[in-house]
Amino acid sequence: MAHVTVMTRTGCHACEVAEADVARICGELGVSWSAEDVDADPELRAEYGDRVPVILIDDREHGYWKVEEPRLRAALSTA
């Protein structure tokens, strides 16, 4: 079963929207998900800081800046 992670930061409106989208989609598909604050870890901030939100599926980058719902659903249906 796949796991989705949203790389996010506090105060980021786009991150809040992405988290809500991922929560809804994952909830409908029965897929687990979590959010991780990039500012809590210097390595994560260096990796993802300019592109949040970043969507990971099983720790592999799927997309960034927004959730592309049809594409995410398709990826999760084959994961």
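Computed over heavy atoms, backbone and side chain alike; hydrogens, waters and symmetry mates excluded.
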### Query
Is there any salt bridge (Lys or Arg N to Asp or Glu O under 4.0 Å) pair reaching into residues 6-20, and which pairs are they, with sequence neighbours excluded?
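Found Arg9-Asp39.
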### Query
Which atom pair, heavy atoms only, marks the closest approach of Val54 to Tyr64?
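Distance-wise, the nearest heavy atoms are CG2-CB, 3.9 Å.
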### Query
Do Leu72 and Ile57 come close enough that some side-chain heavy atom pair is under 4.5 Å?
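Touching, per the 4.5 Å side-chain cut-off.
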### Message
Is the shortest side-chain heavy-atom distance between Thr8 and Val52 below 4.5 Å?
### Response
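A side-chain contact under 4.5 Å is absent here.
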Supply the atom-to-atom distance [X] [atom1] to [Y] [atom2], rounded to the nearest 0.5 angstrom.
X     : Y     : atom1 : atom2 : answer
Asp59 : Thr5  : CG    : OG1   : 5.5 Å
Asp37 : Leu44 : CG    : CG    : 9.0 Å
Glu47 : Met7  : CD    : CE    : 8.5 Å

### Message
Is there a side chain to side chain contact (heavy atoms under 4.5 Å, CB included) between Val4 and Ile55? Walk through the geometry before answering.
### Response
CA-CA 7 Å; Val4 177; Ile55 311 304; 3.9 Å; yes
### Task
Go through Val6 and Glu36 one step at a time and tell me if the side chain to side chain contact (heavy atoms under 4.5 Å, CB included) criterion holds.
CA-CA 6 Å; Val6 182; Glu36 191 161 351; over 6 Å; no
#### Entry: Test salt bridge (charged side-chain N to carboxylate O under 4.0 Å, His left out) applied to Glu61 - qualifying residues, sequence neighbours left out
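Partners of Glu61 under the salt bridge (charged side-chain N to carboxylate O under 4.0 Å, His left out) test: Arg51.
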### Contacts of type salt bridge (charged side-chain N to carboxylate O under 4.0 Å, His left out), residue Asp41, not counting sequence neighbours
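Listed in chain order: nothing, the list is empty.
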### Message
Can you list everything that forms a side chain to side chain contact (heavy atoms under 4.5 Å, CB included) with Ala14? Sequence neighbours excluded, please.
### Response
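Checked Ala14 against side chain to side chain contact (heavy atoms under 4.5 Å, CB included); matches are Cys12, Pro53.
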### Query
Which residue pairs pass the side-chain hydrogen bond (donor to acceptor under 3.5 Å, both in side chains) test when at least one of the two sits in residues 21-33, sequence neighbours left out?
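As it turns out, the side-chain hydrogen bond (donor to acceptor under 3.5 Å, both in side chains) pairs with a partner in residues 21-33, which skip direct neighbours, are His3-Ser32, Arg24-Glu69, Glu28-Arg73.
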### Message
Show, in sequence, the C-alpha distance, side-chain angles and deciding distance for Val31 and Met1, and conclude whether the side chain to side chain contact (heavy atoms under 4.5 Å, CB included) test is met.
### Response
CA-CA 7 Å; Val31 174; Met1 177 71 53; 4.2 Å; yes
